[in-house]
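In what follows, a structure is listed as structure tokens, so that the remarks can point back to it.
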Amino acid sequence: MRKGLFYGLLFTSPAILGFIIFTLGPMIASLVLSLTDYNVFKAHTSFVGIDHYSKMFSGEDELFYKSLGITFYFVILRVPAVIIVSFAIALLLNLNVRGRALFRTIIYLPSIVPAVASAMIWMWLLNPDLGLANSVLSWLHLPTSNWLYSEGSVIPSVVLTTLWGIGGTVIIFLAGLSGIPKPYYEAIDVDGGGWYSKLRHITIPMVTPTIFFNTIMTIIGSFQVFNEAYILTQGGPNNQSLFYVFYLWRTGFRDTEMGYASALAWVLFIIILFFTFIVFKTSKSWVHYEGGERT
């Protein structure tokens, strides 16, 4: 028993040490720094207690609530869009048609394109004057948009650009769909049911564990959105795309207020932890596992 425990710890030690050194250690350090006025250009660091948190929640820092509201708006738009679009594409790619492997590859490829390259493509596509999107809309005699350059449309436009990289989510849905036993669909055929009956009574209930996983990962990723704000909008126009993580980065690395940025990071951690917990708790009523087990 002791020998097995020794070898178990030996082979898991790289992962354990990696977590302690690169995750747990920095988290504890940031918690300590959030209680100080640490600044990389200051010779001395003083303990300020919960002053940073008081500054945030008292409304003294107006950009805190603004960035938080913008991020919540983004999450509300993006999470359903990613789940619904990814699931719909996965259903199409799961059909037994010629060239299915090629279509799956085409859908997945954008998710491995570097973020900067993707951003440059979208900046050209959504250019109000010369972009392909407005050119197509004009050709169809439809209203055009300022996309990323308008306060009202910048967040939906950023959501649109993030749908470019949903290939990984689609692949996970495909894995879930491939695990559905064929006899279930054959039973629907025997009863005279159509595609809607299969979707409602077989596909969706059997894929709820996959939907649950993708929802959790999409929520976490949406709260941590950064690349789009940094590359596409720089928080503009008029701070209307000032996402929380971009504001955190700007506070820590541009304004060099590392103590306050650490406090912002811990608030984000608690928010993500809260919403993850809510999804886990509510999953008992809608996530179904084969054999009757639930989360």
Side-chain angles (χ1 to χ4, degrees), residues 15-79 115-116 119 148 151 154-155 158-159 162 216-280:
I16 296 173
L17 290 174
F19 172 76
I20 293 174
I21 296 172
F22 297 110
T23 301
L24 184 61
M27 285 182 66
I28 296 173
S30 70
L31 179 60
V32 174
L33 290 176
S34 72
L35 304 176
T36 69
D37 63 349
Y38 174 62
N39 187 305
V40 292
F41 294 111
K42 289 178 62 176
H44 302 285
T45 299
S46 302
F47 180 79
V48 297
I50 61 171
D51 286 358
H52 292 319
Y53 298 96
S54 299
K55 179 181 177 181
M56 281 186 274
F57 295 109
S58 66
E60 181 181 348
D61 179 10
E62 296 179 357
L63 292 180
F64 168 72
Y65 282 112
K66 186 177 184 66
S67 62
L68 201 58
I70 289 170
T71 304
F72 272 109
Y73 178 38
F74 177 79
V75 171
I76 291 171
L77 290 181
R78 183 175 184 266
V79 173
V116 175
L148 298 169
E151 294 184 15
V154 62
I155 298 301
V158 174
V159 172
T162 62
I216 291 289
M217 299 307 295
T218 306
I219 289 174
I220 295 173
S222 298
F223 272 112
Q224 295 177 328
V225 61
F226 172 77
N227 289 334
E228 288 74 12
Y230 180 73
I231 301 172
L232 292 175
T233 66
Q234 284 291 306
N238 195 25
N239 285 331
Q240 291 304 310
S241 62
L242 185 66
F243 294 111
Y244 191 91
V245 173
F246 179 73
Y247 176 52
L248 189 158
W249 170 86
R250 198 170 73 177
T251 301
F253 291 93
R254 192 194 71 177
D255 302 335
T256 67
E257 298 179 7
M258 288 295 181
Y260 189 59
S262 297
L264 288 170
W266 270 94
V267 170
L268 179 62
F269 173 73
I270 297 300
I271 291 173
I272 293 176
L273 189 66
F274 172 76
F275 280 99
T276 303
F277 174 77
I278 292 297
V279 175
F280 265 96

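By the 30° and 60° cut-offs, the orientation of the rings of Tyr230 relative to Phe246 is tilted.
In this structure, Phe274 and Ile278 have side chains that are in contact, with non-hydrogen atoms separated by less than 4.5 Å. Under the 4.5 Å side-chain criterion, counting only non-hydrogen atoms from C-beta, Lys42 is not in contact with Thr256. Annotation: side chain of Thr162 is in contact with side chain of Glu228 (closest heavy-atom distance under 4.5 Å). When side chains are defined from C-beta on, Trp266 counts as touching Ser30, because their heavy atoms get closer than 4.5 Å. Contact check for Ile155 versus Ser241: side-chain heavy atoms found under the 4.5 Å cut-off. At least one side-chain heavy atom of Asp61 sits less than 4.5 Å from a side-chain heavy atom of Tyr260.
In terms of heavy atoms, Ala115 sits closest to Asn227 at CB-ND2, 3.8 Å. Summarising the geometry of Leu148 relative to Pro237, their closest heavy-atom pair is O-CD, 3.6 Å, with the distance given to 0.1 Å. Heavy-atom minimum distance, Leu242 versus Ile70: N-CD1, 3.8 Å. Considering all non-hydrogen atoms of both residues, Ile20 and Pro26 come closest at O-CD, 4.4 Å. The minimum heavy-atom distance between Val225 and Val245, with the atom names listed, is O-CB, 3.6 Å. Closest of all the heavy-atom pairs between Tyr244 and Val267 is OH-CB, 3.5 Å.
Counting non-hydrogen atoms of neighbouring residues, nucleotides and ligands closer than 6.0 angstrom, the CG atom of Leu273 exceeds 12 such neighbours. Residue-environment remark: CZ (Phe57) exceeds the threshold of 12 foreign heavy atoms within 6.0 Å. For CZ of Phe277, the number of neighbouring non-hydrogen atoms (other residues, nucleotides, ligands) closer than 6.0 Å is 12 at most.
Contact check on Arg250 versus Asp255 returns no salt bridge, with no Lys/Arg side-chain nitrogen under 4.0 Å from an Asp/Glu carboxylate oxygen.
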*asked:* If you apply the rule side-chain contact (heavy atoms from CB on, under 4.5 Å), what do you find for Leu24 with Ile28, and how did you get there?
replied: CA-CA 6 Å; Leu24 184 61; Ile28 296 173; 4.0 Å; yes
*Give the C-alpha distance, both sets of side-chain angles, the deciding distance and a yes or no for side-chain contact (heavy atoms from CB on, under 4.5 Å) between Leu63 and Thr251.*
CA-CA 11 Å; Leu63 292 180; Thr251 301; over 6 Å; no
*asked:* Apply side-chain contact (heavy atoms from CB on, under 4.5 Å) to residues Gln240 and Lys66 and explain how you reach the verdict.
replied: CA-CA 8 Å; Gln240 291 304 310; Lys66 186 177 184 66; 3.0 Å; yes
_Please determine whether side-chain contact (heavy atoms from CB on, under 4.5 Å) holds for the pair Leu35 and Val48, giving the CA-CA distance in whole Å, both sets of side-chain angles, and the decisive distance to 0.1 Å._
CA-CA 6 Å; Leu35 304 176; Val48 297; 5.6 Å; no
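The CG atom of Leu248 sits 8.5 Å away from the CZ atom of Phe253 when rounded to the nearest 0.5 Å. Between the CD atom of Gln234 and the CG atom of Asn239 there is a distance of 11.0 Å, given to the nearest 0.5 Å. To the nearest 0.5 Å, the span separating CG on Leu17 from CZ on Phe22 amounts to 9.5 Å. In this structure, Ser67 OG and Met56 CE are separated by 10.0 Å, a value rounded to the nearest 0.5 Å. A distance of 9.0 Å separates OG of Ser262 from OH of Tyr38, quoted to the nearest 0.5 Å. With rounding to the nearest 0.5 Å, the separation of CD1 in Ile76 from OG1 in Thr71 is 11.0 Å.
When each of Phe74, Phe269, Phe72 is tested with Phe223 by the rule side chain to side chain contact (heavy atoms under 4.5 Å, CB included), just one qualifies, namely Phe72.
A donor atom on one side chain and an acceptor atom on the other are found under 3.5 Å apart for Ser34 and Tyr53. For the residue pair Thr218 / Arg78, no side-chain donor-acceptor distance below 3.5 Å is found, with atom types taken as modelled.
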